[in-house]
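Note sheet for the following structure.
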Amino acid sequence: MSTIAGGRAARRQTMRAIRPRRSPAVPLLVALWAGAAGVIWMWWTNTPSIADNSGRILNAGRITGLLAGYLMALVVLQMARVPALERRVGSDRVARWHAMTGRYTICLVLAHLFLTMWGYALQAGTGLGGIVRQTVDSVQQLPDVGKAAIGTGLLLLIGLISIGPIRRRLSYDLWYHVHLLTYAATYLSFWHQLSTGNEFVAQAWARTAWYVLYGSVTALVIWYRIITPIRLNMRHRLRVEAVVEETPGIVSVLMTGRKLHRMGAAAGQFFRWRFLAPGMRLSSHPYSLSAAPRPNMLRITVKAIGDHSSALRDLRPGTRVWAEGPYGALTADRRSRGKVLLVAGGVGITPMRALFETLPGAAGDLTLLYRANSTQDLALWDELAQIAEERGARLMYAVNSPEGERPDISADTLRRKLPDIDRHDVFMCGPPGFAQQVYEALRGAGVPARRIHHESFEM
């Protein structure tokens, strides 16, 4: 069992004033819709009067294509791991935006393809039956449409493997690496927009705006996905110090390096970790810090639920580590009230343990509720008990009965344990089903949704 004693940096964090930081999600969504309105305006100003059905259908194909191109840039932007998004909006929320934007993009691309080819078929006098012939002719004859066809195929492949039942049958590494083909799909689809799009052929300012949009997104991807991780790892030189079994199936990986407290990480955040050991070099997985960052030590605590997490127990001291981050908005900055309830389910204890150690608060302000199958599964319990004693905090656990009956975590139970729960902020981390159950109980107990803070990473 590993034990990390509280450091000076962690103690300083407990004494900070409470200064809640407002999420920029709403202004960003307003900007997104304003951009979509600008695209529609660009289409409208270049659309002449429409005289027949083929013109109407072709112009519908044009607007769906323009909106698909705009959303495709946003899909890539949401993959760029921009700190303002990942740390202020929240990585889970950005991931949901990315998934939703991707679905809309695919629908618009398919609508654009169908409507445009149908319009061409009507102009050729063949109707719906000529769509396939028109598609083949367009790929062979129009500039850059062949590239766009390949890009569309890649986009459909990515959308297919992201469907829930299919996604759950794939390994995380396979899904992740195929998902990276989004960059190739975007690149291949970009050029035909400029060479065949009426707006860009006729209007230089429209071409300039499109270059600025895609160029800015490309610059952000290169900076935050490539350059920033290289700088971080060259500066901090992470290596595995030790691997410690906490409970059966759960291990902690302790890592050392240079000036780790200057990595900008906060309790509650996570990194994407790549361990440069045989069989693991191509895998990058997200794990939360299970203790506040120390100048010479970082720690993650992981449950063995897949090939990558199971292999962590075999890491050898001295193994080089490649980290990307920090990411996540489940930090003290979201807090708005003096009293806080932390709720952890299973290995969701990792960010909660770090927050339990560092959240500002006086004696009696903090409560942690830890849900596990049995007392043997309560990872890091000794550390939690020590933190609770030092900080005057309350520590509770909820485990199954000897007969396997689940504990009651309902609104009534929560109100009995914490009569003033409606005046608490709540931080929560755990499996999706558990998180949903607790969320509903908290809402029933009178906790406003704006004061329930959680991140979920189910894909």
Side-chain angles (χ1 to χ4, degrees), residues 90-100 162-172 175 246-250 268 270 285-288 290 301-310 328-330 334 341-353 355-356 367-381 384 396-418 421 424-459:
S91 297
D92 64 329
R93 196 171 188 180
V94 174
R96 289 195 296 272
W97 287 358
H98 172 73
M100 179 180 64
S162 298
I163 296 173
I166 298 175
R167 165 69 186 92
R168 286 189 286 271
R169 290 177 177 270
L170 301 176
S171 69
Y172 175 84
W175 174 84
E246 301 290 353
T247 64
I250 297 180
F270 68 94
H285 286 243
Y287 300 121
S288 296
S290 61
T301 302
V302 180
K303 183 177 182 179
I305 55 176
D307 293 341
H308 187 272
S309 53
S310 298
L330 194 67
R334 299 181 98 172
L341 169 64
L342 305 169
V343 183
V347 78
I349 190 60
T350 53
M352 297 298 101
R353 185 262 179 233
L355 287 167
F356 196 46
T367 301
L368 190 149
L369 172 60
Y370 188 175
R371 169 75 173 97
N373 288 328
S374 68
T375 54
Q376 288 74 31
D377 296 322
L378 294 171
L380 310 175
W381 184 257
L384 294 169
M396 302 181 291
Y397 66 83
V399 299
N400 296 346
S401 70
E403 294 77 27
E405 184 179 352
R406 294 175 176 270
D408 176 36
I409 303 179
S410 63
D412 290 339
T413 302
L414 292 173
R415 277 194 294 260
R416 283 198 303 271
K417 296 293 184 181
L418 292 171
I421 190 171
H424 281 63
D425 269 296
V426 181
F427 290 77
M428 177 172 56
C429 187
F434 167 79
Q436 183 62 35
Q437 175 196 356
V438 174
Y439 179 86
E440 292 173 358
L442 290 167
R443 295 291 289 120
V447 182
R450 68 180 181 277
R451 286 199 264 116
I452 303 175
H453 315 297
H454 61 98
E455 288 186 334
S456 171
F457 298 96
E458 186 185 38
M459 296 294 185

If we only count heavy atoms from C-beta on, is the [X] to [Y] side-chain gap below 4.5 Å?
X	Y	answer
T247	Q376	no
L442	L341	yes
V399	P407	no
I421	R415	yes
M428	H453	no
H454	F427	no
V426	L342	no
Y397	L369	no

Under the rule for side chain to side chain donor-acceptor pair (under 3.5 Å), what residues qualify as partners of [X], not counting sequence neighbours?
X	value
T413	D408, S410, R416
N400	R371
Y370	none

Quiz question: by atom type and distance under 3.5 Å, do the side chains of D377 and S374 form a donor-acceptor pair? yes

Compute whether any side-chain donor of one residue and acceptor of the other, for S290 and T301, lie under 3.5 angstrom apart. yes

Ring centroid separation for Y172 and H285, is it under 6.0 angstrom? yes

Taking all heavy atoms of [X] and all of [Y], pick out the closest pair and write down the distance.
X	Y	value
T350	S288	OG1-CB, 3.8 Å
G348	P351	O-CD, 3.3 Å
D425	R334	OD1-O, 4.3 Å
L368	M352	CD1-O, 4.1 Å
A411	A441	CB-O, 3.4 Å
P431	G345	CD-O, 3.5 Å

OG/S162 to CH2/W175 distance, rounded to the nearest 0.5 angstrom? 6.0 Å

In this structure, NZ of K303 is separated from OH of Y287 (nearest 0.5 Å) by 13.0 Å

Take M100 and R96 through the side chain to side chain contact (heavy atoms under 4.5 Å, CB included) test and state the conclusion after the steps. CA-CA 6 Å; M100 179 180 64; R96 289 195 296 272; over 6 Å; no

Just do the side chain to side chain contact (heavy atoms under 4.5 Å, CB included) check on F434 and V343 with the steps written out, would you? CA-CA 10 Å; F434 167 79; V343 183; 3.7 Å; yes

Between S310 and D307 (side chain of the first, backbone of the second, donor and acceptor by atom type, cut-off under 3.5 Å), is there such a pair? no

Worked verdict on E246 versus V302 for side chain to side chain contact (heavy atoms under 4.5 Å, CB included): CA-CA 9 Å; E246 301 290 353; V302 180; over 6 Å; no

Decide yes or no on side chain to side chain contact (heavy atoms under 4.5 Å, CB included) for I409 and Q437, but give the supporting numbers first. CA-CA 8 Å; I409 303 179; Q437 175 196 356; 4.2 Å; yes

I'd like to know whether CG of N373 has more than 12 heavy-atom contacts from other residues, nucleotides or ligands below 6.0 angstrom. yes

